[in-house]
*Asks:* 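Here it is, the structure, as structure tokens.
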Amino acid sequence: MIKAKNPRLVSQEGRSQSGLRAHNERRIMSLIRQQGSAPKAEIAQKTGLSAQAVTVIINSLEAESLLIRKEPQRGRVGQPTIPFALNPDGAFGIGLKVGRRSYDLTLIDLVGNIRATLNEYCAYPTVNSLLTFLEKGISVLKMSLSDELAERILGIGVATPFEIWNWTEEAGAPKKVMNEWKSFDFKQRINQIISLPVYVCNDDTAACSAELSFGNPARFTDFLYIFIGTFIGGGVVINETLFTGKKGNAGAIGSLPRPVLNSEGQLTSQQLIMQSSLYILEKMLKDDGYNTDIVWSSKEYWGDLGPVLDKWIDQVADGLAYAALCSLAIFDFEAIVIDGAIPINVREKIVLATKLKLSQADHRGIYRCAVQSGSIGAKAQSIGCANLPLIINFSQDNVSLSHN
């Protein structure tokens, strides 16, 4: 088993400081993350803290190598101001994404740069294949850092589909194999490999955290995040904070029931997951004689998939427009942000089609919102789960994550 060496940086509940001082540290770290860098005077102005309090906290964070000084800003009256920025080498997070077609291990630094990543394709996820992948992968990831920097790994974030065992038919997996996930304890089994805190959340909530921390260029304070993967899912941001909900499953739009007519003309319902997911495209392509490997092997370019792709994009957009209207009726979101494990050109077509369908929808009693592309892309889930230890330790977000 690989042992973590720095007890301060790997506290199960985050950094060891508590109370008002820790709260203010998080406020300052979050502000600097949003702006890229800021001098002490600006930090004091925007946080409402005294200049002395900001100086004490900044000096402490700098001493811990969490902040670095940038080049002095000159040209103003008086002494040059010195901006402070997050130190990329100040802390690291490891992310394990358990997908329905693959496993990902990702190591990111404090500003979201990917330092190392490993991927393994699978027909469907099994407990044994995951543990084999994880054991060899953790060692490989740590080799990308010096021993000193490796001590600054804060923990492992795990992103996994909610109740993955309930989707055996859609995943094309034996029910007996998928049922093994019911009793699988991520924390216990991962801690047999490496002694670090383990944080578990829904895979698309993790993707949403990546967009919030490292994307969101329009600085939306409230948005519904949608990720188009093997199964479609989402996340919620309220007041610039990742909202996970009481059970950690907020934004699970894939389970949203949509009224449909069955073969006998009777009104029934069908979950959005069965309309706007990648596995549906896979089925449509197979039925039309296409080789579907490209859908899973490449997230940059799919080539010419003809009318099948156009039809799928249209029905995806139809489902997203419905989900957007339902969400807007419950919470007055500023924006719907759409991303996915799909090529950029396909994502842009989905965004445009969704905008068009929303513009034609009945908005009476509902405010219109912005609809735009996410900025992280196919790696959002992987980056997001690696970001979980960083959120727990340094963000002011009040995020409730399972330590399972």
Side-chain angles (χ1 to χ4, degrees), residues 33 86 88 91-122 125 130 133-134 137-138 140-142 144-145 153-161 199-217 223 225-235 237 242 251 254 277-279 281 293-302 337-348 350-351 372-391 395 401:
R33 180 188 293 281
L86 300 184
F92 301 87
I94 292 176
L96 169 64
K97 183 179 80 72
V98 181
R100 296 173 177 86
R101 291 289 188 271
S102 65
Y103 308 124
D104 282 336
L105 262 179
T106 306
L107 175 72
I108 67 170
D109 61 28
L110 190 54
V111 298
N113 296 319
I114 296 178
R115 296 296 187 94
T117 184
L118 296 170
N119 174 270
E120 183 174 292
Y121 173 80
C122 60
L130 171 68
F133 169 74
L134 183 63
I138 290 288
V140 173
L141 288 191
K142 292 194 70 176
S144 65
L145 299 176
I153 299 175
L154 301 185
I156 298 179
V158 180
T160 179
Y199 307 100
V200 183
C201 82
N202 180 281
D203 50 0
D204 295 316
T205 298
C208 184
S209 89
E211 182 67 32
L212 176 62
S213 295
F214 309 121
N216 190 25
F223 61 88
Y225 177 85
I226 296 173
F227 190 87
I228 303 167
T230 306
F231 291 177
I232 193 169
V237 171
L242 183 66
S277 300
L278 270 177
Y279 88 95
L281 174 62
D293 290 347
I294 189 68
V295 173
W296 310 114
S297 62
S298 174
K299 301 297 184 285
E300 289 78 35
Y301 181 67
W302 283 350
V337 178
I338 302 170
D339 214 336
I342 53 181
I344 291 175
N345 69 311
V346 175
R347 183 188 65 192
E348 296 307 307
I350 291 173
V351 170
Q372 71 173 45
S373 298
S375 55
I376 306 299
K379 282 287 186 181
Q381 293 174 324
S382 301
I383 294 173
C385 58
N387 187 40
L388 298 182
L390 303 181
I391 287 180
S395 173
L401 297 174

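Model, not experiment: these values are computed from the prediction. Nothing fancy with the numbering, it's 1 onward along the sequence.
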*Asks:* Measure the OG1-OH distance between Thr160 and Tyr103 for me, rounded to the nearest 0.5 Å.
*Replies:* 10.0 Å

*Asks:* Write down the atom of Ala380, the atom of Ala210, and the distance for their closest heavy-atom approach.
*Replies:* O-CB, 3.6 Å

*Asks:* Can you tell which of Leu96, Val140, Asn119 makes a side-chain contact (heavy atoms from CB on, under 4.5 Å) with Leu105?
*Replies:* Leu96

*Asks:* Look at Lys97 together with Asp203 and state whether they make a salt bridge at an N to O cut-off of under 4.0 Å.
*Replies:* no

*Asks:* If I take atom CG from residue Asn387 and atom OH from residue Tyr199, how far apart are they, to the nearest 0.5 angstrom?
*Replies:* 12.5 Å

*Asks:* What distance do Leu242 atom CG and Thr205 atom OG1 have between them, rounded to the nearest 0.5 Å?
*Replies:* 6.5 Å

*Asks:* Do Ile391 and Leu212 touch side chain to side chain, with heavy atoms closer than 4.5 Å?
*Replies:* no

*Asks:* Mind listing the closest non-hydrogen atom pair of Asp204 and Gly233 along with its distance?
*Replies:* OD2-CA, 3.0 Å

*Asks:* Does Tyr301 reach the side chain of Asn345, with side-chain heavy atoms less than 4.5 Å apart?
*Replies:* no

*Asks:* At their closest point, which heavy atom of Ser373 faces which heavy atom of Val351, and how far apart are they?
*Replies:* OG-CG2, 3.4 Å

*Asks:* For Thr106, is there any backbone N or O sitting under 3.5 Å from a side-chain donor or acceptor partner on Thr117?
*Replies:* no

*Asks:* Over all heavy atoms of both residues, which pair between Val337 and Gly374 is shortest? Give the atoms and the distance, please.
*Replies:* CG1-CA, 3.5 Å

*Asks:* Please round to the nearest 0.5 Å and tell me the distance separating atom OG of Ser144 and atom CG of Leu118.
*Replies:* 9.0 Å

*Asks:* Verify, without hydrogens or angle tests, whether Ser298 (side chain) and Ile294 (backbone) share a donor-acceptor contact under 3.5 angstrom.
*Replies:* no

*Asks:* Would you mind reporting whether Arg115 and Leu145 have side-chain heavy atoms less than 4.5 Å apart?
*Replies:* yes

*Asks:* Rounded to the nearest 0.5 Å, what separates atom CZ in Phe227 from atom SG in Cys208?
*Replies:* 11.5 Å

*Asks:* Checking side-chain contact (heavy atoms from CB on, under 4.5 Å) against Phe92, which of Leu154, Leu107, Leu110 comes through?
*Replies:* Leu107

*Asks:* Less than 4.5 Å apart, side chain to side chain, heavy atoms only: is that true for Leu141 and Ile153?
*Replies:* no

*Asks:* Just wondering, do Leu130 and Pro125 contact through their side chains at under 4.5 Å, heavy atoms?
*Replies:* no

*Asks:* Taking the side chain as every heavy atom from C-beta outward, state whether Glu211 and Pro217 have any pair of such atoms under 4.5 Å apart.
*Replies:* yes

*Asks:* Within the 4.5 Å heavy-atom criterion, are Val237 and Tyr225 side-chain neighbours or not?
*Replies:* no

*Asks:* What is the minimum heavy-atom distance between Leu278 and Trp302, and which atoms define it?
*Replies:* CD2-CH2, 3.5 Å

*Asks:* Using the side-chain contact (heavy atoms from CB on, under 4.5 Å) rule, pick out the option among Ile226, Ile228, Asp339 that qualifies with Ile350.
*Replies:* Ile228

*Asks:* Give the minimum heavy-atom separation between Gly384 and Ser209, together with the two atoms involved.
*Replies:* O-OG, 3.3 Å

*Asks:* With the side chain counted from C-beta on, respond yes when Ser102 and Trp296 share a heavy-atom pair under 4.5 Å apart, and no when they do not.
*Replies:* no

*Asks:* Tell me if the CD1 atom of Ile344 is crowded by more than 12 foreign heavy atoms within 6.0 Å.
*Replies:* no

*Asks:* Who pairs with Ala206 by side-chain contact (heavy atoms from CB on, under 4.5 Å), at least two apart in sequence or on another chain?
*Replies:* Ala159, Cys201, Cys385

